[in-house]
Colleague: 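Sharing a structure, written as structure tokens. Questions coming.
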Amino acid sequence: MRMHKKGHLEERIAACGDIVTVADLSDKNMKRAALTPEYIAFSEIFGNGNPVCMEIGCGKGKFVAETAARNKDVNYIAVEKISNVLIEALERVKDEKLKNVYFLNCAAEVLEKYIKAGAIERIYLNFSNPLPKEGYKKQRLTHPRFLEIYKKLLKPAGKVVQKTDDRDFYLFSLESYKEAGFKILETCEDLAANPVEGDVETEHEKRFKEQGKPILRIVAEAR
């Protein structure tokens, strides 16, 4: 079902312009567009040299907002390509006056345009769309073509932390990490039974738990 466009969307995003970079979509070829850098200056945006982590597909912002509030000595880049969803995350961070969150309104394919190589400590993939049809597997955010991008953005031994409720996607991701040269550090097939200290529950996660679905988790290290 198509999502209804939120009222005054463009104006609301513009009002949050100090905490978001909206992707330049003038070049529809994302691979080519990524070759023209417009790097975000973290030290200018955040006013410090603290470590930077990134969530790809931040949705309405519950995870990144709560995680940032708990970890004021870490900066967070939250990536979301759907503006209609992103606006809720933007306004939440504004309302909560969080100074260590900045947003990128872009697709994962063009992250290298905005993020310098070796700039990120950790990447969070929370309940990414599993895209179960075979013809869409190259669009999955743990397909090796995306993992190669993440490897460039991560610092040496940087980590990807993934959560999903979809077992097929979980198994696909495990194989993709190995194919892309990542080292699997942790796996968990029931996060509710094996909670991780400091982990924040997402909107999707709460709903899936209420439905009795096990939450699966992977931590993979770039090499």
Colleague: Are any of the side-chain nitrogens in Glu134 or Lys137 under 4.0 Å away from the carboxylate oxygens of its partner?
Modeller: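 Judged by the 4.0 Å cut-off on N to carboxylate O distance, Glu134 and Lys137 do form a salt bridge.
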Colleague: Any salt bridge linking Lys113 with Asp24? Criterion: basic side-chain nitrogen under 4.0 Å from a carboxylate oxygen.
Modeller: no
Colleague: For side-chain hydrogen bond (donor to acceptor under 3.5 Å, both in side chains), just list the numbers for Gln162 and Ser173, CA-CA rounded to whole Å, side-chain angles, deciding distance to a tenth of an Å, and then say yes or no.
Modeller: CA-CA 9 Å; Gln162 178 188 2; Ser173 299; 3.1 Å; yes
Colleague: Fit a plane to each ring of Phe172 and Phe169, take the angle between them on a 0 to 90° scale, and name the class: parallel (under 30°), tilted (30 to 60°) or perpendicular (over 60°).
Modeller: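 Aromatic pair Phe172/Phe169 classed parallel.
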Colleague: Quick check: closest heavy atoms across Cys16 and Glu91, and the distance to 0.1 Å?
Modeller: SG-CG, 4.3 Å
Colleague: Does this structure show an ion pair linking Asp18 with Lys94, if we count only N-O contacts that are shorter than 4.0 Å?
Modeller: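 A salt bridge links Asp18 with Lys94.
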Colleague: Return the minimal non-hydrogen interatomic distance between Ser128 and Leu141, and the atom names on each side.
Modeller: OG-CD1, 3.8 Å
Colleague: The test is side-chain hydrogen bond (donor to acceptor under 3.5 Å, both in side chains); show your working for Ser43 and Asn48 and say whether it passes.
Modeller: CA-CA 5 Å; Ser43 59; Asn48 58 56; over 6 Å; no
Colleague: Keeping to residues at least two apart or across chains, list the ring pair (Phe, Tyr, Trp, His ring centres under 6.0 Å) pairs with something in residues 125-162.
Modeller: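 As it turns out, the ring pair (Phe, Tyr, Trp, His ring centres under 6.0 Å) pairs with a partner in residues 125-162, which skip direct neighbours, are Phe127-Phe208.
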Colleague: Can we call the ring centroids of Tyr124 and Phe63 under 6.0 Å apart?
Modeller: yes
Colleague: Considering all heavy atoms of both residues, which atom of Gly59 and which atom of Ala89 are nearest to each other, and what is their separation?
Modeller: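 Heavy atoms of Gly59 and Ala89 come nearest at O-CB, 3.6 Å.
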Colleague: Report yes if the side chains of Leu111 and Cys106 come closer than 4.5 Å at any heavy-atom pair, otherwise no.
Modeller: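 Yes - at least one pair of side-chain heavy atoms lies under 4.5 Å apart.
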Colleague: Do Lys5 and Glu10 sit within salt-bridge range, that is, some charged N less than 4.0 Å from a carboxylate O?
Modeller: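 Salt bridge flag = yes for Glu10 with Lys5.
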Colleague: Can a donor-acceptor pair be found between the side chains of Asn126 and Glu55 at a distance below 3.5 Å?
Modeller: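 Yes, a side-chain donor-acceptor pair sits under 3.5 Å.
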Colleague: Determine whether Ile218 and Glu186 make a side-chain contact, defined as any pair of heavy atoms from C-beta on separated by less than 4.5 Å.
Modeller: no
Colleague: So, does Arg217 use its side chain to make a donor-acceptor pair with the main chain of Cys188 at under 3.5 Å?
Modeller: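 No, the answer is negative, given that no donor and acceptor are paired below the 3.5 Å cut-off.
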Colleague: Salt-bridge test for Lys60 and Glu203: reply yes if a basic N is under 4.0 Å from a carboxylate O, no otherwise.
Modeller: no
Colleague: Begin with the C-alpha distance, continue with both residues' side-chain angles, and end with the deciding distance and a verdict on side chain to side chain contact (heavy atoms under 4.5 Å, CB included) for Leu191 and Lys163.
Modeller: CA-CA 9 Å; Leu191 190 57; Lys163 291 193 287 187; 3.5 Å; yes
Colleague: Check this for me: does any side-chain nitrogen of one of Glu148 and Lys152 sit under 4.0 Å from a carboxylate oxygen of the other?
Modeller: no
Colleague: Do Asn105 and Ser83 come close enough that some side-chain heavy atom pair is under 4.5 Å?
Modeller: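 Asn105 reaches Ser83 side chain to side chain.
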Colleague: Under the side chain to side chain contact (heavy atoms under 4.5 Å, CB included) criterion, do Glu66 and Glu201 qualify, and how do the steps go?
Modeller: CA-CA 9 Å; Glu66 291 187 21; Glu201 183 180 72; over 6 Å; no
Colleague: Would you call Arg122 and Met54 a side-chain contact if the rule is heavy atoms closer than 4.5 Å?
Modeller: no
Colleague: Under a 4.0 Å N-O cut-off, is there an ion pair linking Lys31 with Glu109?
Modeller: no
Colleague: Between Ile19 and Val101, does the side chain to side chain contact (heavy atoms under 4.5 Å, CB included) criterion hold? Intermediate values first, please.
Modeller: CA-CA 7 Å; Ile19 60 168; Val101 182; over 6 Å; no
Colleague: Considering non-hydrogen atoms only, spot the tightest contact between Lys138 and Arg145 and give its length.
Modeller: O-NE, 2.5 Å
Colleague: Any side-chain heavy atom of Leu98 sitting closer than 4.5 Å to one from Asn100?
Modeller: yes
Colleague: Got a salt bridge between Arg92 and Glu88, using NZ or NE/NH1/NH2 to carboxylate O under 4.0 Å?
Modeller: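 Salt bridge: no.
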Colleague: Could you tell me whether the side chain of Glu121 and the main chain of Pro51 form a donor-acceptor pair under 3.5 Å?
Modeller: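 Judged by distance alone, no pair lies under 3.5 Å.
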Colleague: Taking all atoms of both residues into account, what is the closest heavy-atom pair of Arg167 and Leu216, and its distance?
Modeller: NH1-CD2, 3.9 Å
